[in-house]
> 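Quick one: the structure is below, questions incoming.
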Number of protein chains: 2
Amino acid sequence: MRKIALRLAYDGTDFVGSQWQTNGRSVQGELESAWTQLTQEQQRVVLAGRTDAGVHAQGQVAHVVTATRHAPATIRRALNALLPHDAAVLDAWEVSDAFHARYSARWRKYRYLVDASGQVPLPLLRSCVLHVGYELDTEAVQRALDRLIGEHDFAAFASVQGYDGPTVRCCYQAGCEIVTWFDRPLLAIDMVANGFLRHMVRTIVGTMLLVGQHRLSSDTMGQILESRDRRRAGPTAPAHGLMLLAVGYPAEVVSPEMQEVLGKDNHENLFTESL
Amino acid sequence: MRKIALRLAYDGTDFVGSQWQTNGRSVQGELESAWTQLTQEQQRVVLAGRTDAGVHAQGQVAHVVTATRHAPATIRRALNALLPHDAAVLDAWEVSDAFHARYSARWRKYRYLVDASGQVPLPLLRSCVLHVGYELDTEAVQRALDRLIGEHDFAAFASVQGYDGPTVRCCYQAGCEIVTWFDRPLLAIDMVANGFLRHMVRTIVGTMLLVGQHRLSSDTMGQILESRDRRRAGPTAPAHGLMLLAVGYPAEVVSPEMQEVLGKDNHENLFTESL
(Lines give C-alpha, C1' and ligand atoms only; values in the text may rest on other atoms or scores of the structure.)
Protein backbone atom coordinates (compact mmCIF):
# COMPACT_ATOMS: atom_id res chain seq x y z
CA MET A 1 0.00 0.00 0.00
CA ARG A 2 1.12 3.58 -0.71
CA LYS A 3 0.35 6.76 1.18
CA ILE A 4 -0.68 9.88 -0.75
CA ALA A 5 -0.69 13.37 0.77
CA LEU A 6 -3.00 16.02 -0.68
CA ARG A 7 -2.98 19.80 -0.31
CA LEU A 8 -6.55 21.11 -0.49
CA ALA A 9 -8.42 24.35 -1.10
CA TYR A 10 -12.14 24.78 -0.54
CA ASP A 11 -14.87 27.35 -0.27
CA GLY A 12 -16.40 26.36 3.08
CA THR A 13 -19.72 28.15 2.47
CA ASP A 14 -21.76 25.12 1.44
CA PHE A 15 -19.99 22.50 3.57
CA VAL A 16 -21.11 21.36 7.03
CA GLY A 17 -17.39 21.28 7.83
CA SER A 18 -14.25 19.40 6.90
CA GLN A 19 -15.16 16.18 8.71
CA TRP A 20 -17.75 13.63 7.66
CA GLN A 21 -21.16 14.28 9.28
CA THR A 22 -24.57 12.72 8.85
CA ASN A 23 -26.31 16.02 8.12
CA GLY A 24 -24.76 17.31 4.91
CA ARG A 25 -21.83 17.74 2.54
CA SER A 26 -18.37 17.57 4.13
CA VAL A 27 -14.97 18.06 2.52
CA GLN A 28 -13.95 14.60 3.73
CA GLY A 29 -17.12 13.05 2.31
CA GLU A 30 -16.65 14.67 -1.11
CA LEU A 31 -12.99 13.58 -1.21
CA GLU A 32 -13.79 10.00 -0.20
CA SER A 33 -16.53 9.86 -2.80
CA ALA A 34 -14.20 11.18 -5.53
CA TRP A 35 -11.52 8.75 -4.37
CA THR A 36 -13.88 5.81 -4.72
CA GLN A 37 -14.87 6.92 -8.21
CA LEU A 38 -11.21 7.15 -9.19
CA THR A 39 -9.88 3.95 -7.61
CA GLN A 40 -12.92 1.78 -6.74
CA GLU A 41 -11.43 1.71 -3.22
CA GLN A 42 -13.31 2.67 -0.05
CA GLN A 43 -10.59 4.62 1.77
CA ARG A 44 -10.67 6.97 4.73
CA VAL A 45 -9.29 10.46 4.01
CA VAL A 46 -7.53 11.88 7.08
CA LEU A 47 -7.43 15.70 7.35
CA ALA A 48 -4.76 17.69 9.23
CA GLY A 49 -7.15 20.21 10.74
CA ARG A 50 -10.85 20.14 11.49
CA THR A 51 -12.60 23.19 10.02
CA ASP A 52 -16.17 24.20 10.90
CA ALA A 53 -19.01 24.91 8.48
CA GLY A 54 -18.25 28.11 6.57
CA VAL A 55 -14.49 28.04 7.23
CA HIS A 56 -12.36 28.05 4.07
CA ALA A 57 -9.01 26.47 3.25
CA GLN A 58 -6.16 27.27 0.90
CA GLY A 59 -3.63 24.80 2.29
CA GLN A 60 -5.46 22.09 4.25
CA VAL A 61 -3.54 18.80 4.14
CA ALA A 62 -4.92 15.26 3.97
CA HIS A 63 -3.62 11.76 3.49
CA VAL A 64 -5.05 8.54 2.17
CA VAL A 65 -3.69 5.00 2.09
CA THR A 66 -4.17 3.31 -1.25
CA ALA A 67 -3.29 0.44 -3.56
CA THR A 68 -3.66 2.60 -6.65
CA ARG A 69 -0.64 2.87 -8.93
CA HIS A 70 -1.57 6.27 -10.40
CA ALA A 71 1.15 8.93 -10.25
CA PRO A 72 0.42 11.79 -7.78
CA ALA A 73 -0.07 14.29 -10.64
CA THR A 74 -2.62 11.96 -12.23
CA ILE A 75 -4.42 11.60 -8.89
CA ARG A 76 -4.53 15.40 -8.53
CA ARG A 77 -5.96 15.93 -12.00
CA ALA A 78 -8.46 13.10 -11.73
CA LEU A 79 -9.73 14.18 -8.29
CA ASN A 80 -10.17 17.76 -9.55
CA ALA A 81 -12.24 16.47 -12.45
CA LEU A 82 -14.42 14.49 -10.01
CA LEU A 83 -14.70 16.99 -7.12
CA PRO A 84 -17.48 19.59 -6.95
CA HIS A 85 -16.59 23.19 -7.89
CA ASP A 86 -16.11 24.31 -4.27
CA ALA A 87 -13.23 21.93 -3.46
CA ALA A 88 -9.90 21.34 -5.19
CA VAL A 89 -6.67 19.36 -4.79
CA LEU A 90 -3.82 21.86 -5.17
CA ASP A 91 -1.01 19.28 -4.96
CA ALA A 92 -0.52 15.57 -4.42
CA TRP A 93 2.62 13.74 -3.31
CA GLU A 94 3.55 10.20 -2.37
CA VAL A 95 4.75 10.18 1.25
CA SER A 96 6.38 7.67 3.54
CA ASP A 97 4.32 5.47 5.83
CA ALA A 98 5.56 7.63 8.75
CA PHE A 99 3.55 10.60 7.48
CA HIS A 100 0.20 11.24 9.13
CA ALA A 101 -1.70 14.38 8.01
CA ARG A 102 -2.96 15.06 11.52
CA TYR A 103 -0.48 13.51 13.94
CA SER A 104 2.71 14.50 12.08
CA ALA A 105 1.65 18.15 11.72
CA ARG A 106 3.93 20.58 13.59
CA TRP A 107 2.06 23.82 12.98
CA ARG A 108 -1.09 25.22 11.41
CA LYS A 109 -1.49 28.72 10.03
CA TYR A 110 -4.86 30.49 9.99
CA ARG A 111 -5.86 33.91 8.64
CA TYR A 112 -9.05 35.76 9.57
CA LEU A 113 -10.26 38.69 7.42
CA VAL A 114 -12.22 41.59 8.93
CA ASP A 115 -13.66 44.55 7.04
CA ALA A 116 -13.59 47.36 9.60
CA SER A 117 -13.29 50.08 6.96
CA GLY A 118 -16.47 51.79 8.10
CA GLN A 119 -17.82 51.30 4.59
CA VAL A 120 -20.74 49.24 3.31
CA PRO A 121 -19.93 45.49 3.04
CA LEU A 122 -18.86 44.29 -0.42
CA PRO A 123 -21.22 41.68 -1.92
CA LEU A 124 -18.36 39.76 -3.57
CA LEU A 125 -16.65 39.22 -0.19
CA ARG A 126 -19.76 38.28 1.79
CA SER A 127 -18.73 34.64 2.17
CA CYS A 128 -15.08 35.17 3.19
CA VAL A 129 -14.75 38.43 5.14
CA LEU A 130 -16.40 39.45 8.43
CA HIS A 131 -17.84 42.95 8.08
CA VAL A 132 -18.11 45.02 11.25
CA GLY A 133 -19.69 48.43 11.62
CA TYR A 134 -16.85 50.05 13.56
CA GLU A 135 -13.19 50.86 13.05
CA LEU A 136 -10.42 49.01 14.89
CA ASP A 137 -7.25 50.19 16.62
CA THR A 138 -4.87 47.80 14.90
CA GLU A 139 -1.95 48.72 17.18
CA ALA A 140 -3.99 47.71 20.23
CA VAL A 141 -4.91 44.46 18.44
CA GLN A 142 -1.24 43.77 17.67
CA ARG A 143 -0.23 44.40 21.31
CA ALA A 144 -2.89 41.94 22.48
CA LEU A 145 -1.80 39.35 19.91
CA ASP A 146 1.83 39.71 21.04
CA ARG A 147 0.77 38.50 24.48
CA LEU A 148 -0.51 35.21 23.01
CA ILE A 149 2.84 34.20 21.50
CA GLY A 150 4.52 31.33 23.31
CA GLU A 151 3.27 28.30 25.23
CA HIS A 152 0.03 28.96 27.10
CA ASP A 153 -3.05 27.22 28.40
CA PHE A 154 -5.65 28.51 25.91
CA ALA A 155 -8.72 27.12 27.73
CA ALA A 156 -10.13 30.67 28.08
CA PHE A 157 -10.11 31.06 24.28
CA ALA A 158 -11.79 27.86 23.24
CA SER A 159 -14.97 25.88 23.29
CA VAL A 160 -13.96 23.11 25.70
CA GLN A 161 -17.40 21.69 26.42
CA GLY A 162 -17.26 17.92 26.26
CA TYR A 163 -13.46 18.02 25.83
CA ASP A 164 -11.14 16.99 28.65
CA GLY A 165 -7.83 16.82 26.78
CA PRO A 166 -4.87 19.14 27.17
CA THR A 167 -5.52 22.82 26.51
CA VAL A 168 -1.90 23.98 26.34
CA ARG A 169 -0.79 25.05 22.87
CA CYS A 170 2.30 26.82 21.57
CA CYS A 171 1.59 29.93 19.50
CA TYR A 172 4.51 30.76 17.18
CA GLN A 173 3.14 33.81 15.44
CA ALA A 174 0.21 36.15 16.02
CA GLY A 175 -0.04 39.32 14.00
CA CYS A 176 -2.26 41.60 12.03
CA GLU A 177 -1.79 43.59 8.86
CA ILE A 178 -3.86 45.58 6.39
CA VAL A 179 -4.43 43.92 3.03
CA THR A 180 -6.57 45.32 0.22
CA TRP A 181 -9.26 43.88 -2.04
CA PHE A 182 -9.31 46.31 -4.97
CA ASP A 183 -9.59 49.62 -3.08
CA ARG A 184 -11.04 48.15 0.12
CA PRO A 185 -8.72 47.82 3.15
CA LEU A 186 -9.20 44.64 5.18
CA LEU A 187 -7.63 43.65 8.49
CA ALA A 188 -5.95 40.23 8.32
CA ILE A 189 -5.35 38.52 11.68
CA ASP A 190 -2.82 35.69 11.35
CA MET A 191 -1.98 32.95 13.81
CA VAL A 192 0.48 30.08 13.68
CA ALA A 193 0.47 27.45 16.46
CA ASN A 194 1.36 23.81 16.95
CA GLY A 195 -2.36 23.19 17.29
CA PHE A 196 -5.63 24.96 17.91
CA LEU A 197 -8.46 24.11 20.27
CA ARG A 198 -12.00 24.08 18.90
CA HIS A 199 -13.09 27.67 18.04
CA MET A 200 -9.75 29.00 19.33
CA VAL A 201 -8.90 31.28 16.38
CA ARG A 202 -12.49 32.54 16.18
CA THR A 203 -12.60 33.28 19.93
CA ILE A 204 -9.26 35.07 19.81
CA VAL A 205 -10.56 37.13 16.85
CA GLY A 206 -13.78 37.89 18.75
CA THR A 207 -11.65 39.09 21.66
CA MET A 208 -9.47 41.18 19.32
CA LEU A 209 -12.61 42.91 18.03
CA LEU A 210 -13.27 44.05 21.62
CA VAL A 211 -9.63 45.13 22.03
CA GLY A 212 -9.71 47.01 18.72
CA GLN A 213 -12.76 48.96 19.93
CA HIS A 214 -11.06 49.66 23.30
CA ARG A 215 -13.81 47.74 25.05
CA LEU A 216 -11.08 45.49 26.45
CA SER A 217 -7.47 46.47 27.16
CA SER A 218 -4.55 44.74 25.43
CA ASP A 219 -3.05 44.33 28.90
CA THR A 220 -5.85 42.01 30.04
CA MET A 221 -4.80 39.20 27.67
CA GLY A 222 -2.50 37.74 30.34
CA GLN A 223 -5.28 37.74 32.94
CA ILE A 224 -7.72 36.14 30.51
CA LEU A 225 -5.21 33.40 29.64
CA GLU A 226 -4.46 32.75 33.32
CA SER A 227 -8.15 32.65 34.23
CA ARG A 228 -8.72 29.65 31.90
CA ASP A 229 -12.31 30.96 31.97
CA ARG A 230 -14.08 31.07 28.59
CA ARG A 231 -16.43 33.75 29.94
CA ARG A 232 -13.53 36.22 30.27
CA ALA A 233 -12.75 36.20 26.52
CA GLY A 234 -14.84 37.78 23.76
CA PRO A 235 -17.54 36.13 21.68
CA THR A 236 -16.65 33.55 19.02
CA ALA A 237 -16.30 35.39 15.68
CA PRO A 238 -18.34 34.00 12.76
CA ALA A 239 -16.83 31.13 10.75
CA HIS A 240 -16.90 32.72 7.30
CA GLY A 241 -13.97 35.13 7.92
CA LEU A 242 -11.60 32.25 8.67
CA MET A 243 -9.20 30.46 6.32
CA LEU A 244 -6.82 27.55 7.06
CA LEU A 245 -3.76 28.68 5.11
CA ALA A 246 -1.09 26.08 5.71
CA VAL A 247 -0.04 23.03 7.71
CA GLY A 248 3.63 22.29 8.34
CA TYR A 249 5.50 19.02 8.84
CA PRO A 250 9.00 18.07 10.00
CA ALA A 251 11.61 17.15 7.40
CA GLU A 252 11.62 13.53 8.61
CA VAL A 253 8.22 12.80 7.07
CA VAL A 254 8.08 15.02 3.97
CA SER A 255 10.33 15.57 0.98
CA PRO A 256 12.17 18.90 0.56
CA GLU A 257 9.87 19.70 -2.41
CA MET A 258 6.74 19.10 -0.35
CA GLN A 259 8.12 21.11 2.56
CA GLU A 260 8.93 23.97 0.18
CA VAL A 261 5.25 24.16 -0.85
CA LEU A 262 3.75 23.60 2.60
CA GLY A 263 6.08 25.56 4.80
CA LYS A 264 7.88 28.50 3.29
CA ASP A 265 7.57 30.34 6.62
CA ASN A 266 9.76 27.74 8.28
CA HIS A 267 7.95 27.54 11.59
CA GLU A 268 9.95 24.38 12.12
CA ASN A 269 12.78 26.50 13.53
CA LEU A 270 10.41 28.37 15.79
CA PHE A 271 9.08 25.05 16.98
CA THR A 272 12.52 23.77 17.84
CA GLU A 273 13.37 26.98 19.66
CA SER A 274 10.20 26.81 21.71
CA LEU A 275 10.95 23.35 23.08
CA MET B 1 -37.38 67.09 -7.87
CA ARG B 2 -33.92 66.11 -6.58
CA LYS B 3 -31.21 64.04 -8.21
CA ILE B 4 -29.44 61.35 -6.17
CA ALA B 5 -26.17 59.71 -7.27
CA LEU B 6 -25.32 56.22 -6.02
CA ARG B 7 -22.02 54.33 -5.96
CA LEU B 8 -22.69 50.62 -6.32
CA ALA B 9 -20.97 47.29 -5.74
CA TYR B 10 -22.30 43.97 -6.96
CA ASP B 11 -21.40 40.36 -7.45
CA GLY B 12 -22.34 39.93 -11.12
CA THR B 13 -22.54 36.12 -10.96
CA ASP B 14 -26.31 35.81 -10.68
CA PHE B 15 -27.28 38.89 -12.71
CA VAL B 16 -28.14 38.90 -16.43
CA GLY B 17 -26.24 42.20 -16.50
CA SER B 18 -26.48 45.73 -15.19
CA GLN B 19 -29.33 46.81 -17.49
CA TRP B 20 -32.96 45.77 -17.22
CA GLN B 21 -33.76 42.74 -19.38
CA THR B 22 -36.83 40.57 -19.78
CA ASN B 23 -35.01 37.33 -19.07
CA GLY B 24 -33.78 37.64 -15.49
CA ARG B 25 -32.44 39.67 -12.57
CA SER B 26 -30.58 42.86 -13.49
CA VAL B 27 -28.80 45.32 -11.20
CA GLN B 28 -31.02 48.10 -12.57
CA GLY B 29 -34.16 46.04 -11.96
CA GLU B 30 -33.22 45.25 -8.35
CA LEU B 31 -32.36 48.91 -7.69
CA GLU B 32 -35.61 50.16 -9.21
CA SER B 33 -37.58 47.62 -7.22
CA ALA B 34 -35.84 48.64 -3.95
CA TRP B 35 -36.37 52.30 -4.85
CA THR B 36 -40.10 51.75 -5.29
CA GLN B 37 -40.32 49.96 -1.95
CA LEU B 38 -38.52 52.86 -0.27
CA THR B 39 -40.29 55.81 -1.91
CA GLN B 40 -43.43 54.42 -3.58
CA GLU B 41 -42.10 56.10 -6.74
CA GLN B 42 -41.59 54.36 -10.08
CA GLN B 43 -38.26 55.88 -11.12
CA ARG B 44 -35.74 54.91 -13.75
CA VAL B 45 -32.24 54.21 -12.40
CA VAL B 46 -29.57 55.34 -14.91
CA LEU B 47 -26.22 53.50 -14.73
CA ALA B 48 -22.86 54.94 -15.82
CA GLY B 49 -21.60 51.80 -17.49
CA ARG B 50 -23.31 48.76 -18.93
CA THR B 51 -21.85 45.54 -17.52
CA ASP B 52 -22.57 42.09 -18.92
CA ALA B 53 -23.81 39.03 -17.05
CA GLY B 54 -21.08 37.84 -14.67
CA VAL B 55 -19.17 41.15 -14.62
CA HIS B 56 -18.74 42.61 -11.12
CA ALA B 57 -18.60 46.18 -9.86
CA GLN B 58 -16.98 47.94 -6.94
CA GLY B 59 -17.59 51.52 -8.06
CA GLN B 60 -20.42 51.55 -10.63
CA VAL B 61 -22.31 54.87 -10.53
CA ALA B 62 -26.02 55.49 -11.01
CA HIS B 63 -28.45 58.35 -10.66
CA VAL B 64 -32.15 58.62 -10.01
CA VAL B 65 -34.52 61.60 -10.07
CA THR B 66 -36.83 61.67 -7.07
CA ALA B 67 -39.28 63.66 -4.98
CA THR B 68 -38.20 61.88 -1.79
CA ARG B 69 -36.95 64.09 1.04
CA HIS B 70 -34.79 61.39 2.66
CA ALA B 71 -31.17 62.35 3.32
CA PRO B 72 -28.62 60.55 1.09
CA ALA B 73 -27.27 58.53 4.06
CA THR B 74 -30.81 57.37 4.87
CA ILE B 75 -31.35 56.39 1.24
CA ARG B 76 -28.10 54.38 1.28
CA ARG B 77 -29.02 52.51 4.46
CA ALA B 78 -32.60 51.87 3.39
CA LEU B 79 -31.64 50.60 -0.08
CA ASN B 80 -29.04 48.26 1.45
CA ALA B 81 -31.72 46.85 3.75
CA LEU B 82 -34.00 46.27 0.73
CA LEU B 83 -31.45 45.06 -1.86
CA PRO B 84 -30.55 41.37 -2.28
CA HIS B 85 -27.25 40.18 -0.81
CA ASP B 86 -25.35 40.42 -4.10
CA ALA B 87 -25.82 44.18 -4.61
CA ALA B 88 -25.02 47.13 -2.35
CA VAL B 89 -25.06 50.93 -2.34
CA LEU B 90 -21.61 52.04 -1.15
CA ASP B 91 -22.40 55.78 -1.10
CA ALA B 92 -25.22 58.17 -1.94
CA TRP B 93 -25.03 61.91 -2.63
CA GLU B 94 -27.40 64.60 -3.75
CA VAL B 95 -26.13 66.02 -7.05
CA SER B 96 -27.05 68.97 -9.25
CA ASP B 97 -29.48 68.60 -12.12
CA ALA B 98 -26.49 68.86 -14.49
CA PHE B 99 -25.18 65.47 -13.31
CA HIS B 100 -25.96 62.46 -15.49
CA ALA B 101 -24.43 59.12 -14.42
CA ARG B 102 -23.79 58.08 -18.01
CA TYR B 103 -23.42 61.25 -20.06
CA SER B 104 -21.38 63.26 -17.53
CA ALA B 105 -18.87 60.45 -16.98
CA ARG B 106 -15.33 61.34 -18.10
CA TRP B 107 -13.61 58.04 -17.52
CA ARG B 108 -14.25 54.47 -16.43
CA LYS B 109 -11.72 52.17 -14.78
CA TYR B 110 -11.86 48.40 -15.19
CA ARG B 111 -9.70 45.64 -13.70
CA TYR B 112 -9.49 42.08 -15.01
CA LEU B 113 -8.02 39.31 -12.82
CA VAL B 114 -6.20 36.32 -14.34
CA ASP B 115 -4.74 33.37 -12.45
CA ALA B 116 -1.82 32.28 -14.64
CA SER B 117 0.12 30.84 -11.70
CA GLY B 118 0.26 27.38 -13.23
CA GLN B 119 -1.49 26.10 -10.12
CA VAL B 120 -4.92 24.53 -9.66
CA PRO B 121 -7.78 27.11 -9.65
CA LEU B 122 -8.93 28.26 -6.21
CA PRO B 123 -12.58 27.43 -5.48
CA LEU B 124 -13.15 30.66 -3.53
CA LEU B 125 -12.13 32.76 -6.56
CA ARG B 126 -14.06 30.80 -9.17
CA SER B 127 -16.59 33.61 -9.77
CA CYS B 128 -14.18 36.55 -10.01
CA VAL B 129 -10.86 35.37 -11.48
CA LEU B 130 -10.17 33.80 -14.89
CA HIS B 131 -7.95 30.75 -14.45
CA VAL B 132 -5.71 29.81 -17.36
CA GLY B 133 -3.51 26.74 -17.65
CA TYR B 134 -0.38 28.56 -18.80
CA GLU B 135 2.00 31.20 -17.53
CA LEU B 136 2.13 34.71 -19.00
CA ASP B 137 5.02 37.00 -19.94
CA THR B 138 3.81 40.08 -18.08
CA GLU B 139 6.47 42.32 -19.63
CA ALA B 140 5.19 41.45 -23.11
CA VAL B 141 1.64 42.13 -21.90
CA GLN B 142 2.70 45.52 -20.53
CA ARG B 143 4.41 46.45 -23.82
CA ALA B 144 1.25 45.57 -25.74
CA LEU B 145 -0.93 47.55 -23.30
CA ASP B 146 1.37 50.57 -23.67
CA ARG B 147 0.51 50.67 -27.37
CA LEU B 148 -3.21 51.11 -26.54
CA ILE B 149 -2.72 54.32 -24.55
CA GLY B 150 -4.02 57.42 -26.30
CA GLU B 151 -6.84 58.10 -28.74
CA HIS B 152 -7.49 55.22 -31.12
CA ASP B 153 -10.22 53.62 -33.15
CA PHE B 154 -10.86 50.46 -31.07
CA ALA B 155 -13.20 48.77 -33.59
CA ALA B 156 -10.81 45.79 -33.80
CA PHE B 157 -11.18 45.18 -30.07
CA ALA B 158 -14.94 45.27 -29.74
CA SER B 159 -18.16 43.59 -30.60
CA VAL B 160 -19.56 46.13 -33.05
CA GLN B 161 -22.31 44.01 -34.56
CA GLY B 162 -25.50 46.06 -34.79
CA TYR B 163 -23.64 49.20 -33.65
CA ASP B 164 -22.85 51.99 -36.05
CA GLY B 165 -21.74 54.71 -33.61
CA PRO B 166 -18.24 56.08 -33.19
CA THR B 167 -15.54 53.57 -32.26
CA VAL B 168 -12.81 56.04 -31.29
CA ARG B 169 -12.03 56.07 -27.57
CA CYS B 170 -9.27 57.63 -25.53
CA CYS B 171 -7.35 55.22 -23.29
CA TYR B 172 -5.68 57.03 -20.38
CA GLN B 173 -4.08 54.10 -18.62
CA ALA B 174 -3.40 50.48 -19.50
CA GLY B 175 -1.22 48.42 -17.21
CA CYS B 176 -0.75 45.14 -15.47
CA GLU B 177 0.57 44.19 -12.06
CA ILE B 178 0.78 41.13 -9.84
CA VAL B 179 -1.57 41.12 -6.84
CA THR B 180 -1.96 38.27 -4.36
CA TRP B 181 -4.91 36.48 -2.83
CA PHE B 182 -3.42 34.85 0.27
CA ASP B 183 -0.38 33.13 -1.25
CA ARG B 184 -1.73 33.01 -4.82
CA PRO B 185 -0.30 35.48 -7.37
CA LEU B 186 -2.86 36.94 -9.78
CA LEU B 187 -2.29 39.14 -12.81
CA ALA B 188 -4.43 42.29 -12.71
CA ILE B 189 -4.94 44.05 -16.06
CA ASP B 190 -6.18 47.62 -15.57
CA MET B 191 -7.64 50.00 -18.10
CA VAL B 192 -8.90 53.56 -17.82
CA ALA B 193 -10.59 55.21 -20.82
CA ASN B 194 -13.19 57.86 -21.52
CA GLY B 195 -15.47 55.06 -22.64
CA PHE B 196 -15.43 51.44 -23.68
CA LEU B 197 -17.08 49.71 -26.61
CA ARG B 198 -19.08 46.55 -25.96
CA HIS B 199 -16.73 43.69 -24.93
CA MET B 200 -13.72 46.01 -25.40
CA VAL B 201 -11.94 45.24 -22.11
CA ARG B 202 -12.66 41.53 -22.47
CA THR B 203 -11.36 41.45 -26.06
CA ILE B 204 -8.23 43.37 -25.09
CA VAL B 205 -7.68 40.89 -22.25
CA GLY B 206 -8.25 37.97 -24.63
CA THR B 207 -5.62 39.49 -26.93
CA MET B 208 -3.23 40.01 -23.99
CA LEU B 209 -3.53 36.31 -23.15
CA LEU B 210 -2.18 35.55 -26.65
CA VAL B 211 0.59 38.15 -26.23
CA GLY B 212 1.51 36.75 -22.81
CA GLN B 213 1.92 33.29 -24.37
CA HIS B 214 4.01 34.74 -27.27
CA ARG B 215 1.34 33.57 -29.69
CA LEU B 216 1.03 37.21 -30.78
CA SER B 217 3.77 39.86 -30.68
CA SER B 218 3.37 43.04 -28.62
CA ASP B 219 4.43 44.91 -31.75
CA THR B 220 1.33 43.85 -33.66
CA MET B 221 -1.02 45.92 -31.46
CA GLY B 222 -0.64 48.92 -33.77
CA GLN B 223 -1.47 46.84 -36.84
CA ILE B 224 -4.49 45.31 -35.12
CA LEU B 225 -5.76 48.75 -34.10
CA GLU B 226 -5.24 50.12 -37.60
CA SER B 227 -6.96 47.14 -39.23
CA ARG B 228 -10.25 47.93 -37.39
CA ASP B 229 -10.85 44.21 -37.99
CA ARG B 230 -12.29 42.29 -35.04
CA ARG B 231 -10.89 39.05 -36.50
CA ARG B 232 -7.33 40.30 -35.98
CA ALA B 233 -7.69 40.56 -32.20
CA GLY B 234 -7.88 37.67 -29.74
CA PRO B 235 -11.01 35.97 -28.40
CA THR B 236 -13.28 37.76 -25.93
CA ALA B 237 -12.18 36.75 -22.40
CA PRO B 238 -14.92 35.42 -20.08
CA ALA B 239 -17.02 37.95 -18.16
CA HIS B 240 -16.35 36.71 -14.63
CA GLY B 241 -12.76 38.04 -14.39
CA LEU B 242 -13.91 41.61 -15.00
CA MET B 243 -14.73 44.32 -12.44
CA LEU B 244 -15.89 47.90 -13.03
CA LEU B 245 -13.80 49.71 -10.43
CA ALA B 246 -14.61 53.40 -10.78
CA VAL B 247 -16.30 56.07 -12.86
CA GLY B 248 -15.01 59.66 -12.84
CA TYR B 249 -16.81 62.98 -13.35
CA PRO B 250 -15.67 66.56 -13.90
CA ALA B 251 -15.69 68.97 -10.97
CA GLU B 252 -18.52 70.97 -12.54
CA VAL B 253 -21.11 68.29 -11.77
CA VAL B 254 -19.88 66.69 -8.54
CA SER B 255 -18.88 68.00 -5.13
CA PRO B 256 -15.24 67.82 -4.01
CA GLU B 257 -16.24 65.13 -1.45
CA MET B 258 -17.88 62.99 -4.13
CA GLN B 259 -14.94 63.45 -6.49
CA GLU B 260 -12.58 62.42 -3.70
CA VAL B 261 -14.40 59.08 -3.37
CA LEU B 262 -14.94 58.46 -7.09
CA GLY B 263 -11.72 59.70 -8.58
CA LYS B 264 -8.62 59.56 -6.46
CA ASP B 265 -6.56 58.69 -9.55
CA ASN B 266 -7.39 62.07 -11.06
CA HIS B 267 -7.80 60.99 -14.65
CA GLU B 268 -9.43 64.38 -15.10
CA ASN B 269 -5.97 65.85 -15.71
CA LEU B 270 -5.10 63.12 -18.14
CA PHE B 271 -8.35 63.80 -19.93
CA THR B 272 -7.60 67.50 -20.23
CA GLU B 273 -4.12 66.75 -21.53
CA SER B 274 -5.43 64.38 -24.15
CA LEU B 275 -7.80 66.94 -25.66
Side-chain angles (χ1 to χ4, degrees), chain A residues 6-15 27 30 55-59 73 76-77 79-81 83-92 109-111 113 117-129 131 133 179-184 186 188 190 240 243-246 261-262 264-265, chain B residues 6-15 27 30 55-59 73 76-77 79-81 83-92 109-111 113 117-129 131 133 179-184 186 188 190 240 243-246 261-262 264-265:
Chain A
L6 306 171
R7 192 167 75 102
L8 308 171
Y10 45 86
D11 172 351
T13 309
D14 296 328
F15 286 109
V27 176
E30 295 289 352
V55 175
H56 315 292
Q58 189 169 327
R76 171 174 58 75
R77 278 193 298 270
L79 289 177
N80 284 329
L83 282 168
H85 62 324
D86 51 0
V89 176
L90 300 178
D91 301 283
K109 179 173 185 174
Y110 281 91
R111 169 164 276 199
L113 291 178
S117 64
Q119 299 177 70
V120 171
L122 293 173
L124 208 53
L125 299 182
R126 66 190 180 279
S127 66
C128 59
V129 174
H131 180 271
V179 297
T180 57
W181 171 256
F182 294 89
D183 52 1
R184 177 66 58 97
L186 305 173
D190 294 323
H240 71 278
M243 165 96 67
L244 172 55
L245 260 189
V261 171
L262 296 178
K264 290 168 182 168
D265 291 341
Chain B
L6 306 171
R7 192 166 76 101
L8 309 171
Y10 45 85
D11 173 351
T13 309
D14 295 330
F15 287 109
V27 176
E30 294 291 350
V55 175
H56 314 292
Q58 190 169 325
R76 170 175 57 76
R77 279 193 298 270
L79 288 178
N80 283 329
L83 283 168
H85 62 324
D86 51 0
V89 175
L90 300 178
D91 300 284
K109 179 174 185 173
Y110 281 92
R111 168 165 278 199
L113 291 178
S117 64
Q119 299 177 70
V120 171
L122 293 173
L124 208 52
L125 300 183
R126 66 190 181 278
S127 66
C128 59
V129 174
H131 180 271
V179 297
T180 57
W181 171 257
F182 294 89
D183 53 359
R184 177 66 58 98
L186 305 173
D190 294 324
H240 71 277
M243 164 97 64
L244 172 55
L245 260 189
V261 171
L262 295 179
K264 291 168 183 169
D265 291 341

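If you're wondering where the values come from, they're calculated on a predicted model, not measured in any experiment. Naming: A, B, ... by sequence-line order, numbering from 1 per chain. Only heavy atoms go into these numbers, but all of them, side chains included; no hydrogens, no water, no symmetry mates.
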> Got a sec, which residues hit side-chain contact (heavy atoms from CB on, under 4.5 Å) with A:R77, two or more places apart in sequence or on another chain?
A:A73, A:T74
> Count the heavy-atom pairs under 4.5 Å between each of A:L122, A:N80, A:L113, A:T13 and chain B, then report the option with the highest count.
A:L122
> Show, in sequence, the C-alpha distance, side-chain angles and deciding distance for B:R184 and A:L90, and conclude whether the side-chain contact (heavy atoms from CB on, under 4.5 Å) test is met.
CA-CA 11 Å; B:R184 177 66 58 98; A:L90 300 178; 3.7 Å; yes
> What part of A:L83 is in contact with chain B, defined as an atom under 4.5 angstrom from a non-hydrogen atom: side chain, backbone, both or neither?
neither
> Tell me, side chain or backbone of A:D183 under 4.5 Å from chain B's heavy atoms, or both, or neither?
both
> With a 4.5 angstrom heavy-atom cut-off, could you sort out which part of A:H56 is near chain B: side chain, backbone, both or neither?
side chain
> Looking at every heavy atom in both A:V120 and B:V89, which two are closest together, and how far apart are they?
CG2-O, 3.3 Å
> Grab the two heavy atoms, one from B:F182 and one from A:M243, that are nearest each other, plus how far apart they are.
CE1-CE, 3.3 Å
> I need the residue from B:R76, B:R111, B:H85 with the largest number of non-hydrogen atom pairs under 4.5 Å to chain A.
B:H85
> Taking only residues two or more places apart in sequence, or in another chain, which ones meet A:P123 in a side-chain contact (heavy atoms from CB on, under 4.5 Å)?
A:R126, B:A9, B:D11, B:A88
> Heavy-atom distances under 4.5 Å only: say whether A:D86 touches chain B with side chain, backbone, both or neither.
both
> Tell me, for A:P84 versus chain B, whether the close heavy atoms (under 4.5 Å) come from the side chain, the backbone, both or neither.
neither
